[in-house]
Amino acid sequence: MMAKPSPKQTPMRKQPPRERVKNFNEVPYGYSQEEAILEAKRCLQCKNPTCISGCPVEIDIPAFIKLIVEKDFKGSIRKMKEKNCLPAICGRVCPQEEQCQKVCVLAKMAEPVSIGRLERFIADWEAKQAKPEVPRKKRSTGKKVAVVGGGPAGLSCAGELVKLGQKVTIFEALHEMGGVLVYGIPEFRLPNDIVEREVEYIHSLGVEIVKSFVVGKLKTIDELLKKFDAIFIGTGAGLPWFMDLPGENYNGIYSANEYLTRSNLMKAYLFPQYDTPIVKGKQVAVIGGGNVAMDSVRTALRLGAEKAMIIYRRSRVEMPARNEEIHHAEEEGIIFEFLTLPVAYHADSKGWVKEMECLRMKLGEPDASGRRRPVPIEGSNFKIPVDVVVVAIGNSPNPLVPNTTPGLEIGKKGNIVIDEKTGKTSKKGVFAGGDIATGAATVISAMGAGKVAARAIDEYVRTGEW
Amino acid sequence: MKVIAKERIAENLTKLVIESPLIAKKALPGQFVVLMAAKVGERVPLTIVDADRQKQTITIIFQEVGYTTRLLGTLKPNDSLYSLVGPLGKPTPIKNYGRVIVLGGGVGIAELLPLVRALKGAGCTITSILGGRTAELVILRDQVKEFSDDMYITTDDGSLGEKGVVTDPLKRLLDESSDYGLVFCVGPVPMMKAVSEVTRLFKIKIVVCLNPIMVDGTGMCGCCRVTVGGETKFTCVDGPDFDGYEVDFDELMARQKRFVQHEKQAMCKLDKQINNEASWERNDDG
């Protein structure tokens, strides 16, 4: 008889906080084979598994875990890639605690199986092998599909389409593939060479990749429709919000997009070996409570900040960031200023920000999001000395494609309106998914949307029926 | 992305002709590219000075003042850029504005060239005013003259044209007649500010072309934000042309100095690289 599973997850070793704040290396080391097998054995192999329904890309979770127990790692990664072509990325950045692990049967009585860590393990195991296996593809249909945007939605859509037998070309605006995975998520959470590896896998499946190509400028969607049978738009939420505060354009104040793009994509943390500069503040305030805010503030610490602060208008329980990220930030000595709202900036005579003026807040009645609304306490103004500020309060869908595509229905928030079940837009032959359709969300939901659209695109180009 | 031709047009001013069939086909006056000289390089915006659809090339002209522009200046024909993206930004609206004054300063004169050509083609009557520190820096004057009905030149040291600044002839012209449909200015920020102040006195529409620091150039980062009429705009997607009355030039000048310290550090690195190469060459000779 099988031994009763341990109520606790097999822990993952990680860099001690004092060490890791001095480098940009990944924080967790990943499971060893022994640790992975130990954790895999905790899976109950339920006859009616609930975990799969919690996964936006429907990975056969019990099956890939069973193969780890059997030490058939090759079989395990093959099983994984039937549904998910970017496992090393998902194993690191998916909010599993909100998805598959939340509905794991074990979670009712103990800690759920650490599905994310096992996903990461099996993907990293494959990376150490000579060459990843390329799955069999369906016979070519001779149809051509353009994918606009090389981020998570586009990559997952392209990976799926090419397996279904379509000829796929991805157009990416930046000089590197990966979208938010390379410009946004820092090296210590998702190393860029891992993204590069998974992009290379998509490429090895036969997907053509065109970089530095801005659709909407170099070619419009209508022009692409003359050469492609269908188009998927996955251009993301790339328009950063500011707060419209007095002094917000003073020197030293960045959007999170700029701060992270400089550091991650352009490697400003390696300046002057790399040419892109970044101002390394001593007193850094990051405004916001999401994952992007955590990424920014932990980047600031690694760039040498003496004091790296989160400024958030609500309290800890309302923070939208993953618990794990908040926990990592706390371990590293990030200072949290809760119930605090910036209202103005003050600068020195040369236009560099030196103080952030804030108000204290209190929590009132719940708002539309179900969270208690923060209400300013009048007269509670105070000033925080700062030399760098990062505004991480969210992004809107990128307007470049919506603005240059007649016939595309656009929602109130600048998003492209789609049918969620198929990704179809209001324009024939054009599909969309990910943040451009939903507004800023998660990597995995974008990947899920890419995959849903891929199936609908496959059907559309085969039948011609809209 | 291959360099087809290179020309040194003045001290520190370099012209590169770059192969790019798709950009050449789409580029319109006022638009720019963002390029990287090397894999470790930074992304810098440069105005498309010319786009030749037959030859499938675009032309950029830049002043070798900073680290990246000096690095670009070391490229030779057949070398390749690491990356090139464009055409970005909104094109300048071209129509018959009637009588027009265009002003260019320094490397801004190069950016003026596609505009005067297009405005002339649209039937405008063009008076151009070019300015520079010294005669050699008043570049491309023959080319600009070709499309101008009238031309004035000013230099700080009086070595060419009249001694003074571009606002001197501008004031005289506007004093004589304010019957101009448009004033367009591109050059250093203090010059655009001064020109905007002069035109304000005469209540004539002024458009300035801004060239702030950028990263992606597609509206994603907000590095190039500028206050226009009290509102924050992104130069890369909302510009680069803006109403000169409305631009907060003082803020823009401060923002242009964000990386002065870094620039010094990078220049030290470049000097070392160049010295190293020079010493290798000496070794070869020996």
Side-chain angles (χ1 to χ4, degrees), chain A residues 172-176 180 183-184 211-214 216-220 223 235-242 244 247-262 265-268 270-280 347 349-352 391 395-396 398-400 403, chain B residues 1 22-23 25-27 31 33-44 67-68 71 81-89 213 215-227 231-232 234 237 248 250-263 265-270:
Chain A
E172 164 57 45
L174 285 170
H175 60 280
E176 297 285 357
V180 72
Y183 75 71
K211 294 186 268 193
S212 295
F213 192 112
V214 181
K217 286 288 181 188
L218 206 50
K219 292 252 189 256
T220 61
E223 285 170 307
T235 47
L239 189 75
W241 289 341
F242 285 92
D244 210 9
E248 204 167 28
N249 293 343
Y250 284 141
N251 291 354
I253 304 177
Y254 294 91
S255 73
N257 275 3
E258 182 185 354
Y259 194 67
L260 293 172
T261 300
R262 283 182 180 275
L265 176 71
M266 306 310 294
K267 302 252 181 290
L270 296 173
F271 182 87
Q273 287 96 306
Y274 279 72
D275 299 344
T276 301
I278 193 165
V279 175
K280 297 181 177 178
S349 60
K350 288 180 174 161
W352 284 88
V391 184
N395 295 289
S396 297
N398 194 309
L400 260 174
N403 285 349
Chain B
M1 289 193 292
L22 288 176
I23 300 177
K25 205 169 152 188
K26 280 276 172 148
Q31 290 190 299
V33 289
V34 168
L35 57 81
M36 285 170 79
K39 192 172 169 39
V40 299
E42 47 178 345
R43 293 171 64 98
V44 290
Y67 173 82
T68 295
L71 199 64
L81 296 171
Y82 178 70
S83 82
L84 174 69
V85 63
L88 300 173
I213 306 169
V215 185
D216 67 292
T218 62
M220 192 193 82
C221 80
C223 172
C224 63
R225 63 196 195 272
V226 53
T227 302
E231 270 180 51
T232 293
F234 289 5
V237 286
D248 184 341
D250 293 333
E251 178 189 275
L252 181 61
M253 278 186 258
R255 286 184 68 76
Q256 292 294 69
K257 293 183 183 140
R258 272 174 289 166
F259 298 108
V260 171
Q261 289 306 318
H262 295 84
E263 197 61 36
Q265 230 180 313
M267 290 297 242
C268 289
K269 173 177 107 171
L270 188 73

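Predicted, not measured: the structure shown is a model, and the values here were computed from it.
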- [ ] Evaluate the side-chain proximity of B:Leu22 to A:Lys219: yes if any heavy-atom separation is below 4.5 Å, no if none is.
- [x] yes
Side chain proximity check, A:Val279 to B:His262, heavy atoms < 4.5 angstrom:
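Yes, side chains in contact.
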- Query: Looking at A:Ile253, A:Asn398, A:Leu270, A:Leu260, which makes the most heavy-atom pairs under 4.5 Å with chain B?
  - Reply: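 Greatest number of close heavy-atom pairs with chain B: A:Ile253.
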Exactly one of A:Thr261, A:Leu239, A:Val180, A:Asn395 clears side-chain contact (heavy atoms from CB on, under 4.5 Å) with B:Met220, and that residue is A:Thr261
Heavy-atom closest pair, residues [X] and [Y]:
X: A:Trp352; Y: B:Lys257; answer: CZ2-O, 4.1 Å
X: A:Pro277; Y: B:Glu42; answer: CD-OE1, 3.7 Å
X: A:Pro240; Y: B:Gly219; answer: CD-O, 3.6 Å
X: B:Leu71; Y: A:Asp275; answer: CD2-OD2, 4.0 Å
X: A:Tyr250; Y: B:Arg255; answer: O-NH1, 3.9 Å

In Å and rounded to the nearest 0.5 Å, what is the [atom1] to [atom2] distance from [X] to [Y]?
X: A:Asn249; Y: B:Arg225; atom1: CG; atom2: CZ; value: 4.5 Å
X: A:Asp244; Y: B:Glu231; atom1: CG; atom2: CD; value: 8.0 Å
X: B:Leu81; Y: A:His175; atom1: CG; atom2: NE2; value: 13.0 Å

Given heavy-atom pairs under 4.5 angstrom as the criterion, report whether the side chain, backbone, both or neither of [X] touches chain B.
X: A:Lys267; result: neither
X: A:Glu176; result: side chain
X: A:Glu223; result: side chain
X: A:Leu400; result: side chain
X: A:Ile278; result: backbone

Top of [options] for chain A proximity - count of heavy-atom pairs under 4.5 angstrom:
options: B:Ala27, B:Cys268, B:Pro87; answer: B:Pro87
options: B:Thr232, B:Asp216, B:Asp250, B:Thr68; answer: B:Thr232
options: B:Ser83, B:Cys223, B:Gly222; answer: B:Cys223

Segment of [X] engaging chain A (4.5 angstrom heavy-atom cut-off):
X: B:Met36; answer: side chain
X: B:Ile213; answer: side chain
X: B:Gln261; answer: neither

Please lay out, stage by stage, how B:Arg43 and A:Thr276 fare under the test side-chain contact (heavy atoms from CB on, under 4.5 Å).
CA-CA 8 Å; B:Arg43 293 171 64 98; A:Thr276 301; over 6 Å; no
- Message: Closer than 3.5 angstrom, by distance alone: can the side chain of A:Lys217 be matched with the main-chain N or O of B:Gly89 as a donor-acceptor pair?
- Response: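 Yes.
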### Full working for side-chain contact (heavy atoms from CB on, under 4.5 Å) between A:Leu265 and B:Val215
CA-CA 10 Å; A:Leu265 176 71; B:Val215 185; over 6 Å; no
